[in-house]
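Worksheet for the structure shown next.
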Amino acid sequence: MPERKPRKDAVRNRMAVLAAADVLFARCESPEDVTMADVAAAAGVGKGTLFRAFSDRTGLIRALYEVRLEPIMDAVEAGPPPLGPATPPLQRIPALLDAILSFKLDNRPLALALEETGSASPYQAGHYERWHSLLRVMLEQIPGLANSDFTAHALLAATRADLVEHLAGQECVPRERMRTQLASFTTRVLGPPPATEGLTAAD
């Protein structure tokens, strides 16, 4: 049997819920302040509709996170350099980490909520496994770099939402300084990129 398409009203309700949740998480001081009841009221739907569509609060947070993440995922999967698949690893890895950091800075309450909920370990979350797998594959292509699995974990640790929240919220580290520090850290781990092709030594 062909897969049934969602009813139009179900699709409309889902979009309304995600839009309402988007606004609430953007305005909240703490992600814990946003409840399913708040989202249902803001979206104009019943709590039963909300739970049928997303199962629980974690499912809603994950769905909203994925929607916001789509532009980065599209760029990583099929976009041009520096994020796209044709980019050499030594240039693509720093660009990917910078994109993840920038995304979490732009979505601090939501990113923190996702890392604080769901599976028993944040390292088992789907979004984490996806970034770790991609980084591991790219790190394996860099000659002389050992233990790509651990290195991928270490690099991602520098973009964790709780660290980003601490640096931005508690230590008041400016956004551009954070990005620069991450780029410097990544370069120390990976080594400097190769010289630009086409340059020749001086006579």
Side-chain angles (χ1 to χ4, degrees), residues 61-62 64-116 118-119 121-203:
I61 292 171
R62 187 180 296 116
L64 180 56
Y65 191 92
E66 292 294 332
V67 168
R68 289 191 183 180
L69 196 62
E70 279 181 5
I72 295 178
M73 291 304 304
D74 290 344
V76 168
E77 292 173 0
L83 287 176
T87 312
L90 284 175
Q91 286 79 47
R92 194 182 185 202
I93 291 171
L96 175 61
L97 292 168
D98 181 70
I100 295 172
L101 173 62
S102 296
F103 176 84
K104 291 188 177 180
L105 284 167
D106 291 337
N107 298 276
R108 282 166 54 190
L110 182 63
L112 191 61
L114 184 62
E115 290 190 4
E116 290 180 344
S119 60
S121 168
Y123 303 105
Q124 296 172 354
H127 67 282
Y128 185 90
E129 291 181 343
R130 178 170 52 207
W131 293 137
H132 179 266
S133 176
L134 177 60
L135 279 172
R136 187 185 68 246
V137 169
M138 290 191 288
L139 289 165
E140 288 170 351
Q141 300 173 34
I142 299 177
L145 188 66
N147 204 337
S148 59
D149 186 80
F150 174 81
T151 303
H153 282 303
L155 291 171
L156 284 173
T159 69
R160 277 184 55 92
D162 53 358
L163 175 61
V164 171
E165 183 63 27
H166 175 75
L167 293 174
Q170 301 299 318
E171 296 191 6
C172 300
V173 178
R175 179 192 186 97
E176 292 308 312
R177 184 187 302 172
M178 227 184 293
R179 294 178 63 197
T180 299
Q181 290 171 338
L182 177 61
S184 298
F185 170 69
T186 306
T187 297
R188 289 196 298 272
V189 172
L190 303 182
T196 305
E197 292 183 7
L199 295 180
T200 56
D203 294 334

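Just so it is clear, the values below take in all heavy atoms, side chains as well, and ignore hydrogens, waters and symmetry mates.
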Notebook entry, point to check: In terms of the angle between their ring planes, are Tyr65 and His127 parallel, tilted or perpendicular, with boundaries placed at 30° and 60°?
Noted result: tilted
Margin query: Is there a side-chain contact (heavy atoms from CB on, under 4.5 Å) between Met138 and Leu134? Walk through the geometry before answering.
Written below: CA-CA 6 Å; Met138 290 191 288; Leu134 177 60; 3.9 Å; yes
Notebook entry, point to check: How many angstroms lie between atom CG of Leu97 and atom CH2 of Trp131, to the nearest 0.5 angstrom?
Noted result: 10.0 Å
Notebook entry, point to check: Is any side-chain heavy atom of Pro82 less than 4.5 Å from a side-chain heavy atom of Gln91?
Noted result: no
Notebook entry, point to check: Between Thr186 and Pro94, which heavy-atom pair has the shortest distance, and what is it?
Noted result: CG2-CG, 4.0 Å
Check: Measuring from Leu167:CG to Glu165:CD, what's the distance to the nearest 0.5 Å?
Finding: 9.5 Å
Next item on the list: Inspect the contact between Arg177 and Glu171 and indicate whether a charged nitrogen and a carboxylate oxygen are less than 4.0 angstrom apart.
Entry: no
Item checked: Nearest non-hydrogen partners of Ala157 and Leu163, listed with the distance -> O-CD2, 3.7 Å
Check: Is Tyr128 close to His153 at the side-chain level, that is, under 4.5 Å between some pair of heavy atoms?
Finding: yes
Checklist line | Any Val189 side-chain heavy atom under 4.5 Å of Ile93 side chain | finding: no
Item checked: Inter-residue atom distance Leu83.CG - Glu77.CD, 0.5 Å rounding -> 11.5 Å
Margin query: Using side-chain contact (heavy atoms from CB on, under 4.5 Å), reason through Leu69 and Arg130 one step at a time and then give a plain yes or no.
Written below: CA-CA 12 Å; Leu69 196 62; Arg130 178 170 52 207; 3.4 Å; yes
Check: Say you draw a straight line from CD1 of Ile100 to CD1 of Ile72; how long is it, rounded to the nearest 0.5 Å?
Finding: 7.5 Å
Next item on the list: Specify the closest pair of heavy atoms between Pro89 and Gln141, including all atoms of both residues, with the distance to one decimal.
Entry: CG-OE1, 3.5 Å
Next item on the list: Looking only at non-hydrogen atoms, find the nearest pair between Arg92 and Gly84 and report the distance.
Entry: NE-O, 3.1 Å
Notebook entry, point to check: Hey, what do you get for CG (Leu112) to CZ (Arg160), rounding to the nearest 0.5 Å?
Noted result: 9.5 Å
Note to self: Please check: side-chain N/O of Thr159 versus main-chain N/O of Leu156, any donor-acceptor pairing under 3.5 Å?
What the structure shows: yes
Notebook entry, point to check: Which atoms form the tightest heavy-atom contact between Leu105 and Ala168, and what is the distance?
Noted result: CD2-CB, 4.2 Å
Notebook entry, point to check: For the atom pair NE2 (His166) and SG (Cys172), what is the distance rounded to the nearest 0.5 Å?
Noted result: 10.0 Å
Item checked: Verdict with supporting geometry, Leu64 and Leu114, side-chain contact (heavy atoms from CB on, under 4.5 Å) -> CA-CA 10 Å; Leu64 180 56; Leu114 184 62; over 6 Å; no
Next item on the list: Please tell me if the side chains of Leu139 and Ile142 come closer than 4.5 Å, counting only heavy atoms from C-beta onward.
Entry: yes
Checklist line | Minimum-distance pair of heavy atoms, taken over all atoms of Asp106 and Arg175 | finding: OD1-NH1, 2.9 Å
Check: Do Thr151 side-chain atoms and Asn147 backbone N/O form a donor-acceptor pair below 3.5 Å?
Finding: yes
